[in-house]
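Sequence lines set the chain letters: A, B, ... in the order given, protein chains first and strands last, and positions in each chain run from 1.
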Number of protein chains: 2
Amino acid sequence: MGRKREFDEEKALDAAMQVFWKKGYHATSLTDLTTNMELQRPSIYSAFGDKEKLFEAALRNYTKLHISNIRSKLQYNKSVKDTIRLFFEDLVEEKCQGNQNKGCFCINTMVELAPHDEKFEILTREHQMYLSVIFQEMIQNGIQSGEFHRDLDAKALAQTLVVSLIGITVLMKSRPERSFIDNAIISTLSLLK
Amino acid sequence: MGRKREFDEEKALDAAMQVFWKKGYHATSLTDLTTNMELQRPSIYSAFGDKEKLFEAALRNYTKLHISNIRSKLQYNKSVKDTIRLFFEDLVEEKCQGNQNKGCFCINTMVELAPHDEKFEILTREHQMYLSVIFQEMIQNGIQSGEFHRDLDAKALAQTLVVSLIGITVLMKSRPERSFIDNAIISTLSLLK
DNA sequence: TAAATTTCATACTAATCAGTATGAAATTTC
DNA sequence: GAAATTTCATACTGATTAGTATGAAATTTA
């Protein structure tokens, strides 16, 4: 019964994600959203609730995509260390180029909203923890296979990688010299041995 | 000639700095500013220009204070490594407590404004570069005194410390387990040897 | 003391904000 | 095909936004 929805909810959410990712929560207006989602206001409100609900949905959409993206980039091939190195180098490469310096939506939200809203404090924290677990598993594989020393602290090193990842992602927003980032990557990866 | 200014410009700027530091640029309204600066709108506009000018003045005020703050915390005493360790541990301690998770004003701005305004891209980048130079000088001292290996890359390690500092400062906004941060500090400092 | 000048407080502006009421268009169920 | 139901577009709401015009209060120069 009733009329059929004319818009693709998933596409609309992706568009919302892009806008919030680029501009953040407060700098994004409903007008920005209607323009980019190609939807009228009532459609947005009926499908996603208010601005904050939409933001949360967009962020959850992002973290899900982000995790699967990272998982595929970290597919085990030969050396764990080389895989991680390539991951970091790719990060620098893609963020330097076309990608207009949006950084990581989750990190942006950690800075903008986590201190003011427990919901986002938890959401962003759990995402980072999840990332550290992925790194930890990789490092453990490296230990098992003999690539790394037996007495390496996989958990601690994985958490260090996450801290480094955040630092690099944030610092790149100020477009520092390439070598600044490269040096940080080299030093950090030298911990894996 | 004319009436004397009744307010302390420096105090007003400090108050503005606190508000922008806590809430960021977009989430801070002129009403927030008049309340916290205890000034009427026309007084703010005549003394500092518009909202963006005031923000820039507040940020410059912050970076100046921040540098002198860090310089005093990094006063050389005995071991360079211990001094740096203490610096990072203090950071965790103070940000965990009373300080209501504001993080670093400069880093917050790097995330919120640097990608959208070249003026802030430059300002925040230069601040981070300045910090790395301070670390670099310390590490060079450590090499000179024999505390560190002769072949340590002081510049690269200093830049790594800055990346780590940023990562930790940002991650703490999501209030992760204390050990997460502690592990990152221990690992990163293990590069100084 | 009088004129000149600056600060400050009130009250305002036009624009934009998030969110919604209303009714027409479209589709389904009966 | 008629009634019921849902979506969509237009146009609106009251609140809040950044920024300012105006005049009174206060101080200085002459």
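OP1 or OP2 of dT7(D) has not a single side-chain nitrogen or oxygen of S43(A) nearer than 4.0 Å.
Spacing between atom CZ of F55(A) and atom P of dA18(C) amounts to 13 Å, rounded to whole angstrom units. The nearest whole Å value for the distance from the CD atom in Q40(A) to the P atom in dG23(C) is 18 Å. Distance L54(A) CG to dG19(C) C1': 13 Å, rounded to the nearest Å. In this structure, the CZ atom of F48(A) is 18 Å from the C1' atom of dT20(C), given to the nearest Å. Rounded to whole Å, the distance from CD1 on I44(A) to C1' on dT20(C) is 13 Å. Here the C1' atom of nucleotide dC17(C) and the CG atom of L33(A) are 12 Å apart, to the nearest Å. Atom NZ of K23(A) is separated from atom C1' of dT16(C) by 13 Å (rounded to the nearest Å).
Under the 30°/60° scheme for interplanar angles, the aromatic rings of Y62(A) and W21(A) are found to stand perpendicular.
When both distances must be under 3.5 Å, the Watson-Crick or G-U wobble mate of dC30(C) is dG1(D).
S174(B) contributes a side-chain N or O that, together with a main-chain N or O of L171(B), makes up a donor-acceptor pair within less than 3.5 Å. Between the side chain of Q128(A) and the backbone N or O of I166(A), no donor-acceptor pair lies under 3.5 Å.
When each of E9(A), K53(A), E56(A) is tested with F48(A) by the rule side chain to side chain contact (heavy atoms under 4.5 Å, CB included), just one qualifies, namely E9(A).
Defined by atom type and a distance below 3.5 Å, a donor-acceptor pair is missing between the side-chain atoms of D153(A) and N183(B).
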B/S/- contact track for nucleotides 17-22 of chain D, protein heavy atom under 4.0 Å:
SBBBB-
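Looking at heavy atoms from C-beta onward, F20(A) lies out of side-chain contact with T109(A) at the 4.5 angstrom threshold.
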